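Comments concern the structure below.
Chain A is the first sequence line, chain B the second, and so forth, proteins listed ahead of strands; every chain is numbered from 1. Computed from a prediction, not measured in an experiment: that's the story for all the values here.
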Amino acid sequence: MVTSITSFSRNGVSDWLMQRVSAVILAVYTVFMVAYLLFHPDLDYYTWSGLFEQTWMRIFSLLAFVSLAAHAWVGLWTVTTDYLNATYQRVGVQMLIILAIFVYLVWGIQLLWGA
Amino acid sequence: MSNLQVSIYRYNPETDAAPYMQEFQVDTKDRDVMVLDVLHMMKEQDSTLAFRRSCREGVCGSDGMNMNGRNGLGCVTPLSDVVKNGKLTLRPLPGLPVIRDLVVDMAVFYQQYERIQPYLQNNEPEPAIERLQSPEDREKLDGLYECILCACCSTACPSFWWNPDKFVGPAGLLQSYRFLADSRDTATRERLSDLQDPFSVFRCRGIMNCVAFCPKGLNPTRAIGKIREMLLADAT
Amino acid sequence: MSNLRSLTFDAIIIGGGGSGLRAALELAKSGKQTAVLSKVFPTRSHTVSAQGGITCAIGAADPEDDWRWHMYDTVKGSDYIADQDAAEYLCSEGPKAVFELEHMGLPFSRFDNGRIYQRPFGGQSKNFGEGGQAARTCAAADRTGHALLHTLYQNNIKNNTTFLNEWYAVDLVKNASGDVVGCIAMCIETGEVAHIKSKATVLATGGAGRIYASTTNALINTGDGIGMALRAGFPMQDMEMWQFHPTGIYGAGTLVTEGCRGEGGYLINKDGERFMERYAPNAKDLASRDVVARSMVMEMLDGRGAGEDGDHVFLKLDHLGEEVLNKRLPGICELSRTFAHVDPVHEPIPVVPTCHYMMGGIPTNVHGQAIMQDDKGNDQVINGLFACGEAACVSVHGANRLGGNSLLDLVVFGRSAGRFIESALNEGIDYLDATEADIQSAMKRLERWNGSEEGESVPELKRALQEIMQTDFGVFREEKKMQEGVKRLADLRERINNAYLPDKSNAFNTARVEALELDNLMEVAEATAISALERKESRGAHSRYDYPDRDDVNWLKHSIYFPAEKRLGKRDVNFKPKTVDTFEPKIRTY
């Protein structure tokens, strides 16, 4: 059996499932956002930040951010293992991607729950 | 198309530093012959041309090749199916090392086939006659057991090009499912656990080149989908 | 020459088709050092093209079915020159061999009760010809050979058989006492030549249909084993007996299974008449193959053939309906559309009798041991040499093989050869090693081609050979034409001995393989021609205008061809089965 220590779960079934589930969450979040923007043509800062004051919205957004992080990692891991044949190059790029995803995730959480 | 212009990939490791394309003029006498017939005519002009062939009727899987950009069997592909503007370009199957001319080294393809344990496993004692199987259960093997191992599918699959050592590829997975689907096989669990990693099955991205090029009209993508369903059912 | 690499095995099996793989499987399971040497990847072997099925009395279609009835049909089909002890072994061991295949995973089609599907085939009867048509051919749709070959290959993978794939056997190596102790072989990919040492050498090299211009056989069917054995000085049996299959696709030569007629299809002439009713009132289209093929040729000679030249007839299937055709004969529909541009669902397929099977071959006993005759004409086993499958002549097919009996022959005698070799190895085999000179003499032919500097080209000579065989040794034969043919072949042999191989490269040199194959085609053609000329009667597939009747007084015999003197002798047919009464020769009607 092929081992894949840098893959999301080292298991194809759960990676695959994660990719699908996160995609659904991201799709729902996107549809919600688009609909929200359409229903609020004259959107201002107070309405917008009001939305994000709601606890359910923060949870929903956090779920979407985490999904995005997982989705991106599974997808980009696949891309790097397809196209980058040199091991050091591949591991280096993978580390950069992990770092970026981590930074974005923490930053996102800070935006949501921070001051 | 009485004078067909054929451009063919040539490489002889003993004499050529690099592969090149050679031009042939072939007189087909206006008949819609098969690509393999054209190759035989070319070999009479130049006996050094190397290609594999055996049954010449599409069941042995020897003469998989790339004809005007499409993988297929030379022996069952009439010129009218592939020739454009009186020109035919022949190349070896993509993605495998070339031994000589159209002959490719299929070792990695066969290794992936062997890896899925392509044989029936049944740990129950053998009956004195055959094991019974209902026509409905037998029908589940249709579209699977007919594979001729020509490699037209796997060598058309980008996922197989990138990871031929880790991704089983459409041909191997079709055979894997042929045994998973067989009511007489009792090794389902073991077979599935060998396929759980992120590469063996899950590198299939549903590109479906395999379906487009299978000369036997088989559908590996569907078989791969079924394996995924079985893996999911087994793991959740 | 001592720089030749040598590879040593307990047993080497030359040929990766059905019989070779079945023998290999038996030996691999026993743990003997075995290798299969094949000029193509095993699943590219010609067994893969077998369609209709494997005939065997497993009692699925009819629980009353009896292997003795199958044996009766086989002996009658052979026109009484099958060895009855061998036919008995084939038919009685058959069910075990077929059940083994099923246990290995062969995806047979099924009856509603879950048992293996069996269809009617030509020459099959119940109750020793008294009970009407039987359905005895076990089938996996119309891809039985494919299913069988892949199943055997898969089980060899399971048992870790060693494969020398894309290696070409050049010639047998004999030691000072005349025992076969291995062969010279060439790796096609690299051109490396090696000496393969072995205590048992099995020729499972299949048929040689490519001696004819029109054949259902694969391009690789060039009689390599027959050629090797003849060059080593060993005799061949019944080489005049070539089966012409009634239904090769007109123009292309590809096979359309007898199963089509088993499922209810029938032949029609240009007037749409079902002509087999006239020639074989009882069995009609399911008479045995020699009878149907001759009837077709007679229709054409009488001006009832179809097409501008009146040179083919039709196989009508459309009345079976699309569903039956798709379920039972899907491969035929595909082949017909590809090669005849005809959809059998709507139109009949143009067909013509086409060379299909070599009933003759290397004479063997039921254990696969090759046999020659001593000075007094007694059978003598050739030490170290075995044969099975189409290359062998056990003989279970005699002068005409029944449909579906070839696949059974492969597995029954492949298995039996494997078992015999295993026990012989266990008892210990000790032959003299080959000397440098012995090896050198097996290298001669390869060196001749490699040293050739000018001469005629291989494809040209091959065409000439095929043309001679097609015109002078076809379905109907006669003295004068055959004499001419033998003479033309003698000339051709000279030309081939001086032919030229322009490409001397090493890597995957298919031109060299084709040149070596041409030598074998020549050997087979000559053995066929001389045997056909000398058998002065008509029996089974061997039909002569000048001797139209069967001559049991002089020719209820195997013919045996000795290559050194190019002479034809006779060998007794076995009429002593062990457990059943002898089937006495009768007039053969269907």
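- In this structure the side chain of B:D105 never reaches within 4.5 angstrom of the side chain of B:V98, judged on heavy atoms.
- In this structure a side-chain-to-backbone donor-acceptor pair under 3.5 Å is present from B:R100 to C:A507.
- When heavy atoms are compared at a cutoff of 4.5 Å, C:H46 does not approach chain B at all.
- Contact of C:L101 with chain B is not made at all, since no heavy-atom distance falls under 4.5 Å.
- Each of B:P118, B:P13, B:C55, B:A128 has some count of heavy-atom pairs under 4.5 Å with chain C, and the biggest count is that of B:P118.
- C:R337 does not touch chain B: none of its heavy atoms, backbone or side chain, sits under 4.5 Å away.
- Contact of C:F41 with chain B is made through the side chain alone, with heavy-atom distances under 4.5 Å.
- Only the side chain of C:L335 comes within contact range of chain B, with at least one heavy atom under 4.5 Å from a heavy atom of that chain.
- Heavy atoms closer than 4.5 Å to chain C are found in both the backbone and the side chain of B:R131.
- No salt bridge links B:R53 with B:D63; every basic N to acidic carboxylate O contact stays at or beyond 4.0 Å.
- Most heavy-atom pairs under 4.5 Å with chain C: of the set B:L149, B:L141, B:V76, this distinction falls to B:L149.
- Contact of C:S457 with chain B is not made at all, since no heavy-atom distance falls under 4.5 Å.
- Around the CD atom of B:Q25, the shell of radius 6.0 Å holds more than 12 heavy atoms that belong to other residues, nucleotides or ligands.
- You'll find the side chain of B:Q133 stays beyond 4.5 Å of the side chain of C:R115, heavy atoms only.
- Under a 4.0 Å N-O distance rule, the pair B:E57/C:R143 does not qualify as a salt bridge.
- The residues B:R178 and B:D142 are annotated as not salt-bridged, no charged nitrogen and carboxylate oxygen being separated by less than 4.0 angstrom.
- With respect to chain C, the highest number of heavy-atom pairs below 4.5 Å among B:V59, B:D182, B:D185, B:I129 belongs to B:I129.
- Of the two parts of C:E460, neither the backbone nor the side chain holds a non-hydrogen atom closer than 4.5 Å to a non-hydrogen atom of chain B.
- Residues of residues 150-163 of chain C having a heavy atom under 4.5 Å from any heavy atom of chain B, listed by number: C:H150, C:Y153, C:Q154, C:I157, C:K158.
- Using a 4.5 Å cut-off between heavy atoms, C:N221 makes no contact with chain B at all.
- Remark: B:R191 does not engage B:D194 in a salt bridge, criterion side-chain N to carboxylate O under 4.0 Å.
- Within the 4.5 angstrom heavy-atom criterion, no atom of C:N165 approaches chain B.
- Surrounding CD of B:Q45 are more than 12 heavy atoms belonging to other residues, nucleotides or ligands, all under 6.0 Å away.
- With a threshold of 4.5 angstrom between heavy atoms, C:E100 does not approach chain B through any atom at all.
- Residues B:P92 and B:V103 are not in side-chain contact: their nearest non-hydrogen atoms beyond the backbone lie 4.5 Å or more apart.
- For the pair B:R138 and B:Y145, the cation sits on the ring face: its NZ or CZ lies under 6.0 Å from the ring centre, inside 45° of the axis.
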Fill in: Verdict with supporting geometry, C:K39 and C:E517, salt bridge (charged side-chain N to carboxylate O under 4.0 Å, His left out)
CA-CA 11 Å; C:K39 64 177 174 177; C:E517 287 172 342; 2.6 Å; yes
